[in-house]
Amino acid sequence: MPKIKLLIQGYATEINGVESASSATTLIQDGNANVIVDPGMNRKLLLDNLVKEGLKTEDINYVILTHTHLDHSLLVGIFNNAKVFDNSDVYSFDGKISSHNGKIPNTDIEIIKTPGHDQFHCSVLVNTEEFGKVIIAGDVLWWRDGEKQERDILKLVDREDPYVKDEKALKESRKKVLEVADYIIPGHGPMFKVKK
Ligand SMILES: [Zn+2]
């Protein structure tokens, strides 16, 4: 079964009037595959935390981007052996692009489409022994640092997103992830257990 490790908890804050943010960065290890979801934009923290796991950037086989906003995707190019997955396609650093079927090869990792925050947004579903079904939800749900994290499902579905592109689609995507997941890793803010 895949193992999951939150390498960096996503954050979004303001320091001396300057916006400072980076997405949650998650490492999934399944069989021989090392997978990063959303490398984010904090290079030093990412490299330091990979070293702690005994990994180099070359050891990463796949990178999944929940969406291409740069606070989630800026560092994608540092994994030069990785194939990069978005909601529908796979990209290689030799310039090849092909489509995928929602599965990461030879793993139990699944990509599900969750539009709304961004039209091409996706989330990642991982079935783990430790946490049950975990969904790495990108900005389907996210919080600024210090903001109260609602736990009530309806409040989570209705939560305001100042950057939403399609509100109706976002609500549907939230319902979908909240229904399936035992735990959710949001784009920014702590991982939480879904109240059933
Ligand atoms: Zn974000």
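One-based numbering, in listed order, for ligands and for the atoms of each.
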message = Taking atom NZ as the centre, does Lys196 end up with more than 12 heavy-atom neighbours from other residues, nucleotides or ligands that are less than 6.0 angstrom away?
response = yes
ask   = So does Arg159 pair up with Glu147, basic N to acidic O under 4.0 Å?
value = yes
query = In Asp139, the N, O or S atom nearest to the Zn ion (ligand 1) is which?
reply = OD2
request  = Verify whether the ring centers belonging to His121 and His69 lie closer than 6.0 Å.
outcome  = no
The Zn ion (ligand 1) reached by His67 (N, O or S, under 2.8 Å) = no
request  = Check whether any N, O or S atom of His69 sits under 2.8 Å from the Zn ion (ligand 1).
outcome  = no
task = Go through Asp182 and Lys193 one step at a time and tell me if the salt bridge (charged side-chain N to carboxylate O under 4.0 Å, His left out) criterion holds.
result = CA-CA 6 Å; Asp182 297 306; Lys193 191 176 195 323; over 6 Å; no
query = Given NE2 of His188 on one side and OD2 of Asp71 on the other, what angle do they make at the Zn ion (ligand 1), to 10°?
reply = 80°
